[in-house]
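To start, the structure under review is shown below, and the notes come after it.
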Amino acid sequence: MNTKKVALMLLELANLMELRGDNPFKVNAYRRAARALENSRVSLEVLRERPEELAGVGKGTAAAIREILETGELEQLKQLKEELPAGLPSLLEIPGLGPKSIHALYRELKITNLDELEEAVKEGRIRNLAGFGEKKEKNMLEGIRNYRERPRHHLLVHALPIAEKILKRLQELPEVSRAETAGSLRRMKETVKDIDLVVATEAPSAVAKVLTEMPEVTKVVASGEKKVSLLIDLGLEIQVDVRLVAPSQFISTLHHFTGSKEHNVRIRQRAKEFGWKVSEYGICDPAKGEDFAFREEKELYEKLQLPYVAPEIREDRGEFERTADELPRLIRLEDYRGDLHMHTRWSDGTGSIKEMALAAQKRGYRYIAVTDHSQSLRVAGGLTAEDLKRQREEIEAVNEEMKDFTVLAGVEMDILPDGRLDFSDEVLKELDLVIASIHSSFQQDEETITRRVLNAMENPYVHIIAHPTGRLINRRGPYALHLDRVFQKAKETGTILELNSHPYRLDLNDIYLKKGKEEYGLTFSINTDAHAPEGFDFINMGVATARRGWLEPADVINTWPLDQLLERLNGNHS
DNA sequence: GCCGTTTTCGGCCCGACTGTTTTCAGTCG
């Protein structure tokens, strides 16, 4: 049992209570308690003894927390699970269906899952229910079909160019004075459900008309004076929500729709302490009838006597509990000096060492490490010890040609299924940089696969563990790795953990980065794993994820000057 | 269920849009 599991159980309880139609404020109380638990760093002991010390945890939720810690279960949750059919929560995925409607469908028509809902719609049974009609039936049917066909979340890297394209069109309109992206896209979450845009204009109807008449629009979901919601097909079909506001309200609206929802709740609560009200149109003082507008988001935070919070960390994950000095100076692209994980034609890359070096130098980098695959990874043309020696000769030749730039000789070495490494220490000690990673036997049980990684970390020549959890977003889950043990070992051995920037990987993710930094004091390396010069472009994904993980330049070895980097790498060997 | 230098009761973040209604509930962000 750990605090995360306790939080998850409280959250599940809240979700089921909501479906049953319980008091929404009570439901919210459990959600807040779950969130408080997730964000707190109290030990299990403190949690067991004095859970009430956490803000948002009172008598009721404290009793629930104690029960979970003592018995591993929660009677209330167990009963609710027996009372409510298992398929009910899945109905929440259908747009337009919320807890109230789902409860009514269950109560009146005994609908418990998507199949039964679809059947009832087709038989026209739903339109007879109070508050339902033919139009809602039609929307439900469409929702069910979409749910089954469309991926729930789009990769950030796929949504970004679409957002940019629409944004550009909007910015070119004479009626538009300013337009920006908002929502999870602006917060740079690894996946996004939709694209949020905020537009400043004095002529909302004209802009709305342009939007709804774009050739790529497949469906107008909603269209009003303040807001337009569309389904757009620009290579992939995605929902685009556009808010239209007067220029003076732009900043407040941008902030509001950047979210996150949880961050906004805290903002509003903060405003209430001053007796003010926050909405997407600004902050107002009802007592004096005053409205406050802002030219920059910084001013909005200042008004509430809060330090400015970058969009990427607006998640209510502790940003409200820090002073300006305590908030991180988040890493930026300009801080980045060199990529330390890439492949060349020597294995499965498409560029030569020199081409990769020149491309990196052009980006303003000062160094790179060439890290081709090792011998066991046959499909990728892994290198033998002998190949590595010959490759080093080429690397040295490139180094002699280039000015103010250094290519390090490295390898991405496989951690074999039985836990052995693909090269002996004699081979490894000749290299400048050794990355170890898993490319086989992903299905091993937790103990086996964790042992594999720990074993690699214990080797003094291994500097970095690449893409530590192995997940591929929307494709493949993480290995059954026990990450706390990996973090603990990294702390003991000084092993650096990678944040792999490939948009399908982003591994470690934001949550783990923050945890590794705050709880274990770890150091990380952000790399693109490029297989061609263009692969370097994905560094913006990695830096964005690092920002979401509260990382500062000092936490990331790729921002260090070369001599500091080499000192750290050599330190491992002593 | 939680919380309190306006409160131990009565609030709890706020507004837009849709579809159902004939003044509003539910959903969404």
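Residue numbers begin at 1 in each chain, while the letters A, B, ... track the order of the sequences.
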Take atom [atom1] in [N] and the same atom in [M], then report the distance between them in whole Å.
N	M	atom1	value
B:dG1	B:dT8	C1'	15 Å
B:dT18	B:dT23	C1'	15 Å
B:dT7	B:dC12	C1'	13 Å
B:dT20	B:dG26	C1'	10 Å
B:dG11	B:dC17	C1'	27 Å

Check your understanding: Using purine N1 to pyrimidine N3 plus N6-O4 or O6-N4 for Watson-Crick, or N1-O2 and O6-N3 for G-U wobble, both under 3.5 Å, which nucleotide pairs with B:dT8?
Key -> none
Practice item. With sequence neighbours left out, write down each residue that passes side-chain contact (heavy atoms from CB on, under 4.5 Å) with A:Glu225, or none if nothing qualifies. Key: A:Pro204, A:Ser205
Exercise for review: Just jot down the side-chain contact (heavy atoms from CB on, under 4.5 Å) partners of A:Glu52, sequence neighbours excluded, or say none.
Suggested key: A:Ala62, A:Arg66
Revision key, fill the gap. Protein heavy-atom contacts under 4.0 Å, written 5' to 3' over nucleotides 23-29 of chain B as B (base), S (sugar-phosphate only) or - (none), form the string ---SSSS
Review point. Is any side-chain N of the basic residue among A:Asp510 and A:Arg187 closer than 4.0 Å to the acidic one's carboxylate O?
Key: no
Check your understanding: Salt bridge or not for A:Lys78 and A:Glu67, using N-O below 4.0 Å?
Key -> no
Revision key, fill the gap. Residues passing the salt bridge (Lys or Arg N to Asp or Glu O under 4.0 Å) test with A:Glu172, sequence neighbours excluded, are A:Lys168
Study note, to complete from the structure: By nearest-heavy-atom nucleotide on DNA chain B, the more 5' of A:Met17 and A:Tyr281 is A:Met17
Check your understanding: Where does the angle between the aromatic ring planes of A:Phe320 and A:His263 fall among parallel (under 30°), tilted (30 to 60°) and perpendicular (over 60°)?
Key -> tilted
Exercise for review: May I ask you to decide if the ring planes of A:Tyr106 and A:His103 are parallel, tilted or perpendicular, using 30° and 60° as cut-offs?
Suggested key: tilted
Quick one, which residues of [range] touch DNA chain B with a heavy atom under 4.0 Å?
range	result
residues 61-79 of chain A	A:Thr61
residues 202-211 of chain A	none
residues 290-311 of chain A	none

Point to revise | Within-4.5 Å side-chain heavy-atom neighbours: A:Thr212 and A:Val217 | key: no
Practice item. Please check if the side chain of A:Arg548 supplies one atom and the backbone of A:Lys514 the other of a donor-acceptor pair under 3.5 Å. Key: no
Practice item. State which residues pass ring-ring contact (aromatic ring centres under 6.0 Å, His included) with A:His256; sequence neighbours excluded, sorted by chain then number. Key: none
Exercise for review: Not counting sequence neighbours, which residues clear ring-ring contact (aromatic ring centres under 6.0 Å, His included) with A:Phe487? List them please.
Suggested key: A:Tyr520
Review point. Taking only residues two or more places apart in sequence or in another chain, which ones pass side-chain hydrogen bond (donor to acceptor under 3.5 Å, both in side chains) with A:Glu116?
Key: A:Thr112
Check your understanding: Would you say the side chains of A:Asp507 and A:Thr469 form a donor-acceptor pair under 3.5 Å?
Key -> yes
Check your understanding: Where does B:dT22 land, syn or anti, once you apply the within-90°-of-0 test for syn?
Key -> anti
Assign [X] to base, sugar-phosphate, or nothing according to its heavy-atom contacts below 4.0 angstrom with the strands shown.
X	value
A:Val27	nothing
A:Glu134	sugar-phosphate
A:Ser229	nothing

**Study point:** Cation-aromatic face contact A:Lys226/A:Tyr281, 6.0 Å, 45 degrees
**Key:** yes
**Study point:** Among B:dG19, B:dC17, B:dG15, the nucleotide that comes nearest once only the side chain of A:Asn139 is considered
**Key:** B:dG19
Exercise for review: For atom CZ of A:Phe132, decide whether the heavy atoms of other residues, nucleotides or ligands shown that lie under 6.0 angstrom number more than 12.
Suggested key: yes
**Study point:** Pairs involving residues 284-296 of chain A, ordered by first then second residue, that meet salt bridge (charged side-chain N to carboxylate O under 4.0 Å, His left out) (sequence neighbours left out)
**Key:** A:Arg295-A:Glu299
Please tabulate the protein-to-nucleotide N/O contacts below 3.5 Å involving nucleotides 6-12 of chain B, giving atom names and distances.
none

